[in-house]
Amino acid sequence: MAQQNLENKKVAVLVTDGFEESEFTEPVAALQHAGASVEVISLKPGKVKAWADKEWGDEYRVDNTVDKVNADDYDALVLPGGVMNPDKLRMDPGAVSFVTAFTDKNKPIAAICHGPWILIETGALEGRTVTSWPSLKTDLINAGATWVDEEVHVDNGLVTSRNPGDLPAFCKKMIEEIAEGRHVSSGQTTGVNQLG
C-alpha cells in the first residue's frame, strides 16, 4: 500500500510531564514521515519530561499551551499514555476543553495506553468501542464505552491501542484515519447522503 500523504495536515500532540516516551516519539516520527506538521501542546510553556519505561526520560520542547490553542487550527489529535500524563491532563479544565472540541467536531483522535483516560471527561465515549491499558477498562465501560482487547481499534476516527507493543499498528491506523479527515457522525448530513 502506498504511503499516506499528510502534507497539508496539522496534528496536535497533547502531553504533560510523565508521558510514556515511546508513545510520543514513535507517533510523532510517523506523522512527520508522512508529511504532517506536528505541534506539541502542554499545560505550560517550555519543556515536558517523558517517562521511559521505569524512569524519567528526555525532555521535549512545547510548541504551544492549551490556553492559547484552538481545535479548529488542527486536523487531528494524538494522546500518548503514561500514567502521570493523562491523570494530570484530565484534571485540567483547559486540556479537557481542548480535547472535547476535537470530539465535538468529529476530528480524528489517536489515544494509546492510558491516553484514553482524558476522553472520559469529554462525555464522548458513550456508545464508542475502544481499547486501552487494561487498568482503564472499568473506567471506560462506566463512561459508556465498549472495551475490547485488541492491538488497535478504530471507531469512526477514534484510534485506540493498549500499550507500547502496539505502536506499529497504532501508528499505521492513526495515519490512515488522519488521511481520511473528519468523520461524519450520525447527526450530520454532510458527505454521503443516505436515502431510506
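Remember, predicted model here, so these are calculated numbers, not experimental data. Numbers here are sequence positions counted from 1. The figures that follow rest on heavy atoms only: side chains count, while hydrogens, waters and symmetry mates do not.
- Between the Ser97 side chain and the Pro93 main chain, no donor and acceptor come within less than 3.5 Å of each other.
- Ser42 contributes a side-chain N or O that, together with a main-chain N or O of Val15, makes up a donor-acceptor pair within less than 3.5 Å.
- The number of heavy-atom neighbours closer than 6.0 Å to CG of Asp72, taken from other residues, nucleotides and ligands shown, is above 12.
- Residues Leu140 and Leu79 share a hydrophobic cluster, clusters being chains of Ile/Leu/Val/Met/Phe/Trp/Tyr side chains in contact below 4.5 Å.
- Using cut-offs of 30° and 60° on the angle between ring planes, the pair Trp117 and His114 is tilted.
- Remark: side-chain polar atoms of Thr160 are paired, donor with acceptor, to backbone N or O of Thr131 under 3.5 angstrom.
- Residues Leu158 and Leu125 are in side-chain contact: their nearest non-hydrogen atoms beyond the backbone lie under 4.5 Å apart.
- No side-chain donor-acceptor contact under 3.5 Å links Trp56 to the backbone of Asp58.
- A salt bridge does not link Asp166 to Lys173: none of the charged side-chain nitrogens sits closer than 4.0 Å to a carboxylate oxygen.
- One hydrophobic cluster holds both Leu89 and Val69 under the rule that ILVMFWY side chains link at heavy-atom gaps under 4.5 Å.
- Within the 3.5 Å criterion, the main-chain N or O of Arg182 finds no donor-acceptor partner in the side chain of Asn106.
- Asn163 contributes no side-chain N or O that, together with a main-chain N or O of Cys113, makes up a donor-acceptor pair within less than 3.5 Å.
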### Query
Taking it one step at a time, do Asn156 and Arg128 satisfy side chain to side chain contact (heavy atoms under 4.5 Å, CB included)?
CA-CA 9 Å; Asn156 199 32; Arg128 307 297 291 273; 3.9 Å; yes
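- Val40 and Trp51 are not part of a single hydrophobic cluster, where members link through side-chain heavy atoms under 4.5 Å apart.
- Cluster membership check: Ile175 shares its hydrophobic cluster with Val38, using side-chain heavy-atom separations under 4.5 Å among Ile, Leu, Val, Met, Phe, Trp and Tyr.
- Using a cutoff of 4.0 Å between basic side-chain nitrogens and carboxylate oxygens, Asp149 and Lys137 are not scored as salt-bridged.
- Looking at Lys107, its side chain never comes within 3.5 Å of a backbone N or O of Leu77 through a donor-acceptor pair.
- Rounded to the nearest 0.5 Å, atoms CZ (Arg61) and NZ (Lys47) are 9.0 Å apart.
- Linking ILVMFWY residues whenever their side-chain heavy atoms come closer than 4.5 Å, directly or via other members, places Leu14 and Ile109 in the same cluster.
- Counting heavy atoms from C-beta on, the side chains of Pro45 and Val62 never come closer than 4.5 Å.
- A tilted orientation is assigned to the rings of Phe102 and Tyr74, their planes being inclined by 30° to 60°.
- Of the possible donor and acceptor atoms, one in the side chain of Asp75 sits under 3.5 Å from a partner among the backbone N and O of Lys10.
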